[in-house]
Amino acid sequence: MSQFHLSNSTHIQLLLHATKYFSEPITGLLLGPKIKNISSTSTIQITSCVPLFHSNAFTLSSNVDLALTLVSTFCESNDLSIIGVYHSSSDNNSQDLPSPIKKIGETINKMTKTSVVLIIDDQKLKKGKEQIAFKAYCYRSKWINVKVSSLSQKNFQQGIEELSSEENEKDVLVIEEEEEKVQEQGKNKNSKFLKNCQFQIGDHEALVEKFKKFLSEEKFRQIVDFEEHLQNPELDFLTQNIN
Amino acid sequence: MNKNLQILKNKPNNWKAARGLLREYREKQQRNSYEIMKYGLPLIKKNSKRLSKEELFEVMEQVFLAGLDVNLEESNALLLKLQKQFPKSLRVTKLSGLFEEAMGHWKNAQIIYQSILKDNPSDQIAQKRLVCISKAQGNTKLTIQNLNKYLSHFQGDTEAWEELLDLYLSQQCYSKALFCCEELILAEPDNYQHHYQIANIYYTIGKRSDLIKARQYYAHSIKLLEEQNLKSFYGLYLTTNKLKTLFSRNLNQSETQINEQLLQFAKDKIKKFYLQKEDNNTKTTVLELLEIDN
């Protein structure tokens, strides 16, 4: 089973980006440590994010090309790789996966053989009823929903340890598995989620508490995205120092 | 950082700074709802006597509008006060329409604006708000229709053309987006942003002739503004690079030379921009990228 783990600090940064630009569509990239051999039982960790846009700039390939080029250069020299893209549209009833976001996800897939798209729905963060605020999608010939679940802090650490020890045992190419799964998918039309793939986040309660604290401290103002950088080149968009 | 904002960070009760900050925001029509509510509300509640009557009501309207983003309860209270003070005012009726919109009561809001239009059929704001309601309801196609209708009456409204441009981009209708951009350039030919934006759209469409047009528009944007226009230099760099790598067979010798000169010009300027700045990850990455390309 292939797994994605989203660290709480990255999760919070995504939400802070969405908070800073509450009335705009936001887009950004997800980064994680480079994996040398991706197998079917890989655990793919997402440890940081790079906020990119807070407008419809993501629909213009000049902006996207530039952002992807800069971020991949950054990744090369820091032993990271681009794992996926996150996006949140400004209106509540829009289509789930806008096609420019699909394109970005597919470009990332070509580069790293595995990518995930997170679509944030900020309606899910209503006070008192906080739920996991996004949907995850993985690419297996087309974009399929992946089940998102939360682990309590203890299990999260255990989970990473267990799975990373199995990482180097099998060397099966993910591509072969993709075709198998698509066939399986066809048989079981009722399954909404991709089989054998899970997207896990950390302790959700702890996350919500920390997020609320950051909101009261107005930490969202410290987020710098690529668009802001273009207006003001002194700002560094590649690393967000928010603790 | 803004002078007044700096004072307020240390002395949040400084009414002069609050008044100054709100005046600035009114002049520049900035939507800094969080700050406006934070510093404007105490100004109204505790220091209203420091403001002239005229200014007090302007500030009340400003804080009301900010509350639609951050604190609906306060907006409601302010609206009631304004309605008491100006019972038959068209301006306050429009504010009540905005409040209904913020609450998500689309039908109520529509009724308010349509009643305004009954007595004032050419009222621009009410017509515009009806378009906004269809946008808020998420129906992009209907909004595009309504906005086109609105623009057929009010062709000079650049904000509306920008909104239509944005809507077309969100639907990836690039040729229609181009048309909106052209209208914007006609209306504001010295605005470097419009030239930059149209260049972006041509780059996105991506054929050889489009890339050449993109290059021309990026260059024109740079001509209009050189110093704070890093994004146009990036655009020029990307376009010339793409022409060089993908279309080099289709360019004759003089065209190739021009392209190469522009590519170098863009790279040098970008380097110069960053070398003036302090060291950070972005600077390092950009300089690395330009070196790799060399």
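Reminder, nothing fancy here: chain letters follow the sequence lines and each chain counts from 1.
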- Query: Less than 4.5 Å apart, any side-chain heavy atom of A/Asp65 and any of B/Tyr203?
  - Reply: yes
- Note, B/Tyr218 side chain near A/Ser62 side chain (heavy atom, < 4.5 Å): yes
[atom1] of [X] to [atom2] of [Y]: how many Å apart, nearest 0.5 Å?
| X | Y | atom1 | atom2 | value |
| --- | --- | --- | --- | --- |
| B/Asn281 | A/Thr239 | CG | OG1 | 4.0 Å |
| B/Leu289 | A/Glu76 | CG | CD | 11.0 Å |
| A/Asn63 | B/Asn200 | CG | CG | 5.0 Å |
| B/Lys231 | A/Leu66 | NZ | CG | 12.5 Å |

- Message: Which label fits A/Phe220 and B/Tyr34: parallel for a plane angle under 30°, tilted from 30 to 60°, or perpendicular past 60°?
- Response: perpendicular
- Correct closest heavy-atom pair for B/Leu169 and A/Thr59 would be O-CG2, 3.3 Å
- Heavy-atom pair with the smallest gap, counting every atom of A/Leu230 and B/Leu230: O-CB, 4.1 Å
Measure [X] against the heavy atoms of chain A and call it side chain, backbone, both or neither at under 4.5 Å.
| X | value |
| --- | --- |
| B/Leu238 | side chain |
| B/Asp69 | side chain |
| B/Tyr168 | neither |

- Message: If only side-chain N and O atoms count, and only distance matters, is there a donor-acceptor pair under 3.5 Å linking B/Ser170 with A/Asn56?
- Response: no
Near [X] [atom1], under 6.0 Å, is it more than 12 heavy atoms from other residues, nucleotides or ligands?
| X | atom1 | result |
| --- | --- | --- |
| A/Lys147 | NZ | no |
| B/Lys128 | NZ | yes |
| A/Lys135 | NZ | no |
| B/Lys269 | NZ | yes |
| A/Glu106 | CD | yes |

- Message: Strictly below 4.0 Å, N to O, side chains only: are B/Lys283 and A/Glu234 in salt-bridge contact?
- Response: no
- Message: Closer than 3.5 angstrom, by distance alone: can the side chain of B/Thr282 be matched with the main-chain N or O of A/Phe237 as a donor-acceptor pair?
- Response: yes
- Query: Okay, side chain of B/Thr204, backbone of A/Ser61: is any donor-acceptor separation there less than 3.5 Å?
  - Reply: yes
- Stepwise ring-ring contact (aromatic ring centres under 6.0 Å, His included) test for A/His229 and B/Tyr274: CA-CA 12 Å; A/His229 172 81; B/Tyr274 282 95; 5.6 Å; yes
- Go through B/Lys38 and A/Glu218 one step at a time and tell me if the side chain to side chain contact (heavy atoms under 4.5 Å, CB included) criterion holds. CA-CA 13 Å; B/Lys38 188 171 181 182; A/Glu218 299 184 28; 3.4 Å; yes
- Message: With chain B as the partner, which of A/Leu235, A/Thr73, A/Asp236, A/Leu238 has the greatest number of non-hydrogen pairs under 4.5 Å?
- Response: A/Asp236
- Message: Counting heavy-atom pairs closer than 4.5 Å to chain B, which one of A/Gln231, A/Glu227, A/Arg221 comes out on top?
- Response: A/Arg221
- Query: Do you know which of B/Arg31, B/Lys242, B/Gln228 has the most heavy-atom pairs with chain A at a distance under 4.5 angstrom?
  - Reply: B/Arg31
